Amino acid sequence: MHKDVERILVSEEEIQKRSKELGEEITRDYAGKTPIVVGLLKGSIPFMAELLKNIDLDCTIDFIRVSSYEGTQSSTLLIKTDLDGDVTGKDIIIVEDILDTGKTLDVITKHLLDKGANSVEICTLLDKKEGRKVEIEAKYVGYTIPLEFVIGFGLDYNEKYRNLPYVGVLKKSCW
Ligand code: IMP
Ligand code: MG
């Protein structure tokens with residue numbers, strides 16, 4: 001375990017197991033459709049890769065890069081890199097590392113619907129339900145977690161720890 005991690009919240013095995021279940025659920029829900037799986041850079045990368053292995057559909061993938069978090073405080077959202085492809089009439093599954101206040105995914109969902117998407121659903125590895133400030137829910141949730149600052153499996157603190165193969169709680173002494 002990394003020295004800056006207080007405890008592991010979701011292990012690598014748990015993430016793999018849950019990603020398989022979610023991928024299978026998405027495969028059933030989107031049968032006959034060709035959704036675009038849209039990852040939010042950079043945090044979604046490990047989860048997106050794990051999830052995609054388990055989605056058995058003719059899907060495509062794309063990415064959006066936003067900046068919204070500095071340190072442990074949410075700040076204003078900017079779309080820094082937009083999608084490559086056209087989303088008109090398409091079914092979109094947004095993949096995200098964590099849903100907290102909901103502000104990021106609220107903006108992205110509206111952005112994609114404005115661009116003409118037919119449907120937009122969210123698949124998030126983690127959900128901090130108690131952190132919600134805007135009304136938004138993910139259709140697919142890996143794990144619901146308490147209001148603690150977590151790192152690993154894509155999640156960072158000042159860009160560090162994204163490469164950890166598990167989700168852990170960051171030691172208070174590292175803030
Ligand atoms: P929201 O807009 O408040 O829902 O925030 C979502 C974004 O905040 C995520 O994409 C993360 O980048 C970041 N975030 C929220 N909670 C955490 C955390 O516990 N650790 C690391 N990043 C977090
Ligand atoms: Mg993020």
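Note that ligands are numbered from 1 as they come in the structure, with each ligand's atoms numbered from 1 the same way. Just so we're clear, the structure is a prediction, and the values are computed from it rather than from any experiment.
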Student: Has Leu40 got any heavy atom lying under 4.0 angstrom from an atom of ligand 1?
Tutor: no
Student: Under 3.5 Å, side chain of Lys90 to main-chain N/O of Thr34, donor-acceptor pair present?
Tutor: yes
Student: Kindly identify the option in Val150, Leu77, Thr104, Leu155 whose heavy atom sits closest to atom 5 (O) of ligand 1.
Tutor: Thr104
Student: Between Thr124, Ile98, Val134, Leu147, flag the one that comes closest to atom 14 (N) of ligand 1 by a heavy atom.
Tutor: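 Minimum heavy-atom distance to atom 14 (N) of ligand 1 goes to Ile98.
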Student: Do any heavy atoms of Gly102 fall under 4.0 Å from ligand 1?
Tutor: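 Gly102 counts as a contact of ligand 1 under the 4.0 Å cut-off.
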Student: Tell me whether the centres of the aromatic rings in Tyr157 and Phe149 are closer together than 6.0 Å.
Tutor: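 When the ring centroids of Tyr157 and Phe149 are compared, they turn out to be within the sub-6.0 Å range.
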Student: If you draw a 6.0 Å radius around CG in Asp56, do more than 12 non-hydrogen atoms from other residues or ligands fall strictly inside?
Tutor: no
Student: Only heavy atoms of Lys128, strictly under 4.0 Å: list the atoms of ligand 1 that pass.
Tutor: 16 (N), 17 (C), 18 (C), 19 (O)
Student: Is there side-chain contact between Leu125 and Ile15, with heavy atoms separated by less than 4.5 Å?
Tutor: yes
Student: Run the numbers for me: atoms of ligand 1, each under 4.0 Å from some heavy atom of Asp156, listed by number.
Tutor: 21 (C)
Student: Please examine the side chains of Glu137 and Asp127, heavy atoms only from C-beta on, and report whether any two atoms are closer than 4.5 Å.
Tutor: yes
Student: Check whether any heavy atom of Glu148 sits under 4.0 Å from an atom of ligand 1.
Tutor: yes
Student: With a 6.0 Å cut-off (strictly less than), is the heavy-atom count around CD of Glu159, excluding the residue itself, greater than 12?
Tutor: yes
Student: Which atoms of ligand 1 sit under 4.0 Å from any heavy atom of Glu96?
Tutor: 9 (C), 10 (O)
Student: Assess, by modelled atom type and distance only, whether the side chains of Ser119 and Asp91 contain a donor and an acceptor separated by less than 3.5 Å.
Tutor: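 Yes, because at least one side-chain N or O of Ser119 sits under 3.5 Å from a partner of the opposite role on Asp91.
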Student: Going by the order shown, which atoms of ligand 1 are within less than 4.0 Å of some heavy atom of Thr101?
Tutor: 1 (P), 2 (O), 3 (O), 4 (O)
